[in-house]
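First the structure, in the form of structure tokens, and then the observations on it.
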There are 2 protein chains.
Amino acid sequence: MVEERKDADRDLIGAWTKRCYFAGRAVMDSVLRPYDLGSVQWYVLYQLTTVGPTMQRDLARLLTIERATMTGIVATLVRKGLVEQEPDRIDQRQKLLRITATGAKLWGELPDLSFIRSAAFDGIDDADIAAALRVLQTATERLEKLLQKGTAS
Amino acid sequence: MVEERKDADRDLIGAWTKRCYFAGRAVMDSVLRPYDLGSVQWYVLYQLTTVGPTMQRDLARLLTIERATMTGIVATLVRKGLVEQEPDRIDQRQKLLRITATGAKLWGELPDLSFIRSAAFDGIDDADIAAALRVLQTATERLEKLLQKGTAS
DNA sequence: CCAATCTTGCTAGCTACCTAGCAAATATGT
DNA sequence: ACATATTTGCTAGGTAGCTAGCAAGATTGG
């Protein structure tokens with residue numbers, strides 16, 4: 001019956017991975033809602049503030065999202081006047097993203113979000129956290145490899 | 001420096017949770033694409049096939065998604081002729097969902113998806129899986145509680 | 001030097017998640 | 001009995017992800 005529990009764990013882990021991801025995003029979204037920002041929009045502002053102007057394609061790679069997804073997020077931020085998008089002088093295909101004065105001002109008003117990570121993980125056993133990370137990384141790596149093979153055919 | 005790694009783990013785990021969730025869904029989506037089905041549409045058919053006709057609101061609870069999200073998914077399946085939606089005789093607000101003959105036929109043609117779970121988790125240490133599940137459940141529970149408080153205010 | 005091939009960002013169209021607010025049906029309290 | 005919840009599913013509008021296919025710019029190989 002211990003064997004059964006181990007199988008059950010493997011059934012459950014996918015569902016809890018999803019639920020945990022959405023719970024975290026929901027908290028983040030609810031904090032950002034008064035500022036009319038989504039969670040990925042927040043991350044773009046974070047990058048442009050703390051690291052500086054960044055190529056759009058590099059940002060897509062950092063966030064491991066598709067170029068087409070990035071296009072939409074950048075368009076929203078440009079529409080709101082928080083970010084500027086400018087073709088690179090050398091390579092005209094690439095767009096350089098830069099935070100605007102309005103964007104910098106908004107960033108200054110945003111609350112610190114680190115309490116979310118603390119709320120989720122503080123007090124949990126370090127070894128458990130490390131094990132969870134190993135499981136998630138291994139599973140992700142295998143799934144991404146599987147997807148490549150499937151797409152290549 | 002071990003302390004630093006422990007902090008770093010807590011920073012990374014959120015990102016990997018997201019990435020793992022999306023990798024799993026991407027594999028599922030790529031297998032279902034030839035059948036013109038999404039992953040949640042698959043789960044609805046699974047439920048209606050293996051358990052039988054189900055109330056729409058119960059299905060939303062099972063999948064822990066909002067009623068409004070369910071509305072859209074059911075509408076898609078009804079449009080494709082795979083699912084029937086019928087008001088309950090006793091409580092006219094509720095809709096009973098039932099698979100159609102077309103839906104049952106399609107279900108019979110679908111490949112078995114259990115290889116995805118195997119690919120992701122087979123061979124990983126049972127204790128690590130159990131630890132990962134503990135971490136995800138604990139974090140989710142805390143985040144959902146945090147959200148309730150935030151929303152209540 | 002120019003043809004073929006990448007790379008980048010775009011549009012179009014899809015899935016799947018959310019909140020807010022509505023209308024209809026049911027349940028509850030006095 | 002009837003006014004007041006509550007529940008259910010809907011619409012409208014927004015975020016965040018995807019694929020497919022295009023056009024323009026950059027790179028590479030003969």
Side-chain angles (χ1 to χ4, degrees), chain A residues 18-44 54-61 63-80 85-97 144 147 150-151, chain B residues 18-44 54-61 63-80 85-97 144 147 150-151:
Chain A
K18 172 180 180 181
R19 201 161 155 187
C20 189
Y21 163 64
F22 277 106
R25 235 188 60 170
V27 173
M28 201 167 164
D29 284 344
S30 81
V31 174
L32 294 174
R33 193 160 306 126
Y35 305 92
D36 206 27
L37 274 185
S39 48
V40 179
Q41 295 172 41
W42 178 89
Y43 194 89
V44 171
T54 306
M55 290 300 182
Q56 184 165 326
R57 67 116 208 275
D58 293 333
L59 205 42
R61 277 175 196 162
L63 302 179
T64 48
I65 60 179
E66 291 300 316
R67 280 173 297 142
T69 305
M70 200 71 231
T71 298
I73 288 155
V74 168
T76 303
L77 288 168
V78 168
R79 181 171 43 72
K80 291 181 189 168
Q85 191 187 33
E86 188 190 339
D88 186 68
R89 296 241 180 96
I90 303 152
D91 186 340
Q92 300 266 222
R93 291 169 305 179
Q94 295 184 49
K95 307 279 181 80
L96 186 68
L97 303 180
E144 286 176 352
L147 190 62
T151 310
Chain B
K18 172 181 180 180
R19 201 161 154 188
C20 187
Y21 162 64
F22 277 106
R25 237 190 55 174
V27 174
M28 201 167 163
D29 284 344
S30 81
V31 174
L32 292 174
R33 191 160 307 126
Y35 305 93
D36 204 28
L37 274 184
S39 49
V40 179
Q41 294 172 40
W42 179 88
Y43 194 90
V44 171
T54 306
M55 288 302 180
Q56 185 165 325
R57 66 115 209 275
D58 292 332
L59 206 41
R61 279 176 195 161
L63 303 180
T64 49
I65 60 177
E66 291 301 313
R67 280 171 296 141
T69 305
M70 200 72 231
T71 299
I73 289 155
V74 168
T76 303
L77 289 167
V78 167
R79 181 170 45 71
K80 291 180 187 167
Q85 191 187 34
E86 187 191 339
D88 186 67
R89 297 240 179 98
I90 303 152
D91 186 341
Q92 301 267 225
R93 290 171 304 183
Q94 296 186 49
K95 306 278 184 78
L96 187 67
L97 303 179
E144 287 178 351
L147 191 62
T151 310

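Lettering follows sequence order; numbering is per chain, from 1.
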Below the 4.0 Å mark, does D:dA16 have OP1 or OP2 next to a side-chain nitrogen or oxygen of A:Gln41?
yes
Identify whether any heavy atom of B:Ile90 sits under 4.0 Å from a base atom; if not, whether one sits that close to sugar-phosphate; answer base, sugar-phosphate or nothing.
sugar-phosphate
Any side-chain heavy-atom pair of B:Ile65 and B:Ile73 under 4.5 Å:
yes
Using Watson-Crick or G-U wobble geometry with both distances under 3.5 Å, which nucleotide pairs with D:dA5?
none
Please determine, for the side chain of B:Thr71, which listed nucleotide (C:dA16, D:dT11, D:dA26) has the closest atom?
D:dT11
D:dA16 phosphate, OP1 or OP2: any side-chain N/O from A:Ser39 under 4.0 angstrom?
yes
Which residues share a ring pair (Phe, Tyr, Trp, His ring centres under 6.0 Å) with B:Tyr21, sequence neighbours left out
A:Tyr21, A:Phe22
How close or far is atom P of C:dT19 from atom CE of B:Met70, stated in whole angstroms?
16 Å
If I take atom CG in residue A:Leu59 and atom P in nucleotide D:dG17, what distance separates them, rounded to the nearest angstrom?
11 Å
Taking only the side-chain heavy atoms of A:Glu66 (C-beta and beyond), determine which of C:dA25, D:dT19, C:dC18 contains the nearest atom.
D:dT19
Using whole Å, report how far CG of A:Leu37 lies from C1' of C:dC18.
16 Å
Which part of the nucleic acid, if any, lies within reach of B:Leu63 when heavy atoms closer than 4.0 Å are counted: base, sugar-phosphate only, or nothing?
nothing
Would you say C:dC17 has OP1 or OP2 under 4.0 Å from some side-chain N or O of A:Lys18?
yes
Tell me, for nucleotides 3-8 of chain D in 5' to 3' order, what letter each nucleotide earns: B for a base near a protein heavy atom under 4.0 Å, S for only sugar-phosphate near one, - for neither?
---BBB
Is the distance from OP1 or OP2 of C:dA16 to the nearest side-chain N or O of A:Tyr21 less than 4.0 Å?
no
What's the CZ-P distance between B:Phe22 and C:dA16, to the nearest Å?
12 Å
Minimum heavy-atom distance between B:Leu32 and B:Ser39, given as atom pair plus value:
CD1-CA, 4.0 Å
Does D:dC10 have its OP1 or OP2 closer than 4.0 Å to a side-chain nitrogen or oxygen of B:Gln85?
yes
Gap between atoms CE and C1', on A:Met28 and D:dA16 respectively (whole Å)
12 Å
Any strand: nucleotide that pairs with D:dC18 via Watson-Crick or wobble, under 3.5 Å:
C:dG13
What nucleic acid atoms does B:Tyr43 come within less than 4.0 Å of, heavy atoms only: base, sugar-phosphate, or nothing?
nothing
Select one nucleotide: of C:dC17, D:dG25, D:dC18, the one nearest the side-chain heavy atoms of B:Arg25.
C:dC17
Does A:Asp58 reach the side chain of A:Arg61, with side-chain heavy atoms less than 4.5 Å apart?
yes
Options D:dT19, C:dC17, D:dT11, nucleotide nearest the side-chain atoms of B:Ala68
D:dT11
When you match B:Val74 and A:Lys80 each to their closest nucleotide on DNA chain D, which lands nearer the 5' end?
B:Val74
note: B:Trp42, atom CH2; C:dT15, atom P; distance rounded to Å ~ 18 Å
Which of A:Lys95, A:Gln94, A:Gln85 passes side chain to side chain donor-acceptor pair (under 3.5 Å) with A:Gln56? Answer is A:Gln85
Starting at CD1 of A:Ile65 and ending at C1' of D:dT15, how long is that distance when rounded to a whole Å?
12 Å
What integer distance in Å separates B:Arg79:CZ from C:dG13:C1'?
12 Å
